[in-house]
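Since the structure comes first, as structure tokens, the remarks are kept for the end.
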Amino acid sequence: MVSISVRGIDKTRQINDWTIKSDGSGGFSLTCHFPSGKSFPSPLGDCEVVPTREVKGQLLRKKGSSVVSAVEKAVIYGEKYAVVQYSSSAASYVFKMDSIELVTPTDMKDESTFRYFHSVATARVDHAASTDKEIAQNVLRQLDALPPCADTALHAYCKGHNGRQEQAGNFIFPFGINESQLAAVERAFASQISLIEGPPGTGKTQTILNIIANLLLRGKNVAVVSNNNAAVGNVCEKLGKSGLDYLVATLGSKSNREAFFANPAPKPSAEPDAAPSMERIQGVLQQLKRYLHTRNAVAQLQIEIAELEVERRYLLQWQQENAVQVLALDKYKLSPQKSADLMAYLTHLAGRHVRLKDRIELLFNFRIVRTKPFDNWEKRKSVFYGLQLHYYDKALLERKTLLAAHQETLRLGNYQALLDELTSVSMNYLKQHLHQHVPDSEPFDAKSYKRQFDGFVKRYPIISSSTHSIVNSLASGALLDYVIIDEASQQDIIPGILALGCAKNLIIVGDRKQLAHIPAQLGLPAPKDFYDCDKYSLLDSCIGVFDGSIPVTLLKEHYRCHPRIIQFCNQQFYDNQLVPMTQDLGEKPLSLLVTAKGNHTRKNTNLRELDSLLAMLEGEGECAWTGEDGRGFIAPFRAQATLSGTLLPADFVKDTVHKFQGRECDEIVFSTVLDKKRVPQERLDFVDDPRMVNVAVSRARNRFTLVTGDDVFTANNGHIAALVRYIEYYAEQGQLHRAPVISAFDLLYKEYDQSLERLNARLRPNDSSFKSEQIVAQLLRETLAQDAYRSVMFHTQIELIQLVSVANEVLTAQELALMKNKASCDFVLYFKVGKKPLGVIEVDGGSHDEPEQAERDALKNSILQKCNIPLLRLRTIESHIEEKLAAALAQWTSSVHDENRELSPV
């Protein structure tokens, strides 16, 4: 009961209602309403309302609003009205209690987990380079601005407690559906926090779109965020293709916000197509559910059949090569399992005599009456080899029969027609719903939309942003219904938690088996292990923090890669849980290119791998690419990707594996760069990292080529070794390329191709103490032995001062100092008659990459150029040495016919 007194007089029994409102001058009045219809206002200060209570330090949220505000104090009169003073203002405001919600703030920000996150963000500001400091400061400001609400996903994360949701009801699937996507959508609405693991090509974006569609149907708003703008952009692009981009506010950075408000997409004015009933949609969905598992079974059987056919082909090849006698066993009518059991029994028998007990076993277990074919070891071997072939024949027949039955089930059930219908009617229903419930455009702009934020998110219920800018994109204290974090395996915990702090529910989408982010190492102690920002991505952290209490759905159906390509990732990384939905039509999707033995790696580059790749492409006639989706060259190191840009055809996209995550090409070439000479184990481990290899392989849609050194990763026996074995097993012989480029300088290495043995035997140790110069000396002798060059000779280690006059006026002091310091040339070529110098050849080993030696080389280059003496530098990591020598000689000898012509260095 409420009692009202005005100036000390109890009015409770005389009135039938009372109201409190602003008096227009900064104060408030209480108006008593009498049964006669008359009403009399009085200053609120002259009135007493019992009960009246005062609360402080609360958060206020208007009913239906996305925004919470901090309250300094609120005086609540009769549980009907509240006079509220906000923390940010001295003014007070009156609200009806049924139109607001007062919430006690959480103490989360005062607890150890959030304090740790704050200390990490602060330390990143302190340690940031000048170019990154502004970004770090921005993240820290947003972290401070997060509202201390107990119903946020951040609160659940910091407490390690996942909330449950009520059953969400009917679902629509306007973007298509498969078995695991159905489960992912349903589970996303059953839990405050949920995780969708999306291996490459499994329809993560499609799943996100279906979740967004069902959120829109329920009148919810959602932010789609990532640290990778391409991932968020992909979602927005797909919404645009479906005519739903008018619902998306592309926010984030200040420039993005300004661009969005400068050209927002208008709401369609045309009436959408008539919408079917929800009952019809659910009816189609229930019919389709019966066939989703069958569709997966068809794809799985196709993979199993392909695998069995390969194994059978290898078995036949082995039997033919070894002239194995095979006994036909069809008369025994053994199943594949019985064939395997009989092989095991024959192995158990080995070479011993068939006893009565054995006859009984053969009769009762295998229905074999006559044991004559089994009475000695040679006969048993013939039976054993026949059983091997029989096993594959029967296993293939069983699976092909089952495959035909499943395909017929899908055909009779009109699976594809049902899928198309579900997609179509779901989209029509969604668009009709949005047409009725999304308000027409209002004049929002970049400066005012936050003041009208509730109206803004009704008009734009989907917000896209980077995690670095999500809080900046929202009104102060805004709390969205959902946030979806895409590519969460690459998301740092900070700023990832910014998104958690401004949404009630969280859907994490990512793949733990792809490349993770590379965190800054600060060494600050975390309150619990899985909150450690130095060690974990946001995805890994959430899995550890919630420890099995959040639903995790693996998207299994794979739609991107050729089955032979993705099957490596499936077997090596995903425990055969993926179901390739693409078709094998007899293409040649796998290639292996193994370079020659030797130490070809220099400063994270490997020129030999690139030279070998070019030779392979030329041999296949593929220097000009015609594929629609392009081709990419990827490597673990930036230096190799950069070097490839100077050699490979322009149509190759060249980048590191890390940068290529989230992208795809029709063809991918993966260069492993390293060789096995003096490579630290940590560098081998970096390249052989399972996430690195998984990403590299799964970027390729139709063709994947591995370029690697001979036996470089064999000792590691890791993922690249497995990849080599896999390609060797499944690729056709013509797709296996071994050492297509051999260099004379390969003789410098302990292991070298045997084709170089004859050259090695002809080397003369007295030519030089360096084997690299011995090699060039012998190649020169052989080249100069040709008729065209019989007039040319060479000398070794000629001092520059004997070749060039110090009186040359164009030489600098540094150049003269080099000459006087006994600098020499490795090889000088002369005409035999007249002793005219024809050119200089320098052999550059690994030391020539060092700054001091590079400076000396530059001075020598300048001296020879000024004196019009051609120069050819041969790097010991290069190939085609004989061709380069021949080309230089041809150019030098032809140029002497014109004495006045200036010679240019080669």
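Numbering starts at 1 and runs along the sequence shown. The structure presented is a predicted model; accordingly, all values stated were derived computationally and were not measured.
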> Between atom CG of L800 and atom CG of L816, what is the distance when rounded to the nearest 0.5 Å?
Replying inline: 11.0 Å

> Strictly under 6.0 Å, is that where the ring centroids of Y314 and Y729 end up?
Replying inline: yes

> Sequence neighbours excluded, which residues qualify as side-chain contact (heavy atoms from CB on, under 4.5 Å) partners of D492?
Replying inline: R124, P495, H517

> What distance do I668 atom CD1 and N702 atom CG have between them, rounded to the nearest 0.5 Å?
Replying inline: 11.0 Å

> Judged by modelled atom types alone, do T672 and T708 share a side-chain donor-acceptor pair under 3.5 Å?
Replying inline: yes

> To the nearest 0.5 Å, what is the distance between CG (L610) and NE2 (H600)?
Replying inline: 12.5 Å

> Among side-chain atoms of S671 and Q640, is any donor-acceptor pair under 3.5 angstrom?
Replying inline: yes

>> Assess, by modelled atom type and distance only, whether the side chains of E782 and Q778 contain a donor and an acceptor separated by less than 3.5 Å.
In response: yes

> Taking atom types as modelled, is there a side-chain donor on Q681 or N716 under 3.5 Å from an acceptor on the other?
Replying inline: yes

> Which residues pass the side-chain contact (heavy atoms from CB on, under 4.5 Å) test with T714, sequence neighbours left out?
Replying inline: D711

> Is the distance between the ring centroids of F827 and H795 under 6.0 Å?
Replying inline: no

>> Ignoring hydrogens and geometry beyond distance, is a side-chain donor-acceptor pair present between N760 and K771 at under 3.5 Å?
In response: yes

> K513: what forms a side-chain contact (heavy atoms from CB on, under 4.5 Å) with it, not counting sequence neighbours?
Replying inline: D511, F573, Y574, N694

>> Would you compute the distance between atom CD1 of I881 and atom CD1 of I742 and round it to the nearest 0.5 angstrom?
In response: 12.5 Å

> F686 ring centre to R683 NZ or CZ under 6.0 Å, with the angle to the axis within 45°?
Replying inline: no

>> Assess the residue pair E728 and R738 against the criterion (salt bridge (Lys or Arg N to Asp or Glu O under 4.0 Å)); give the C-alpha distance rounded to whole Å, side-chain angles, the decisive distance to 0.1 Å, and a yes or no.
In response: CA-CA 11 Å; E728 288 177 334; R738 294 199 171 270; 2.3 Å; yes

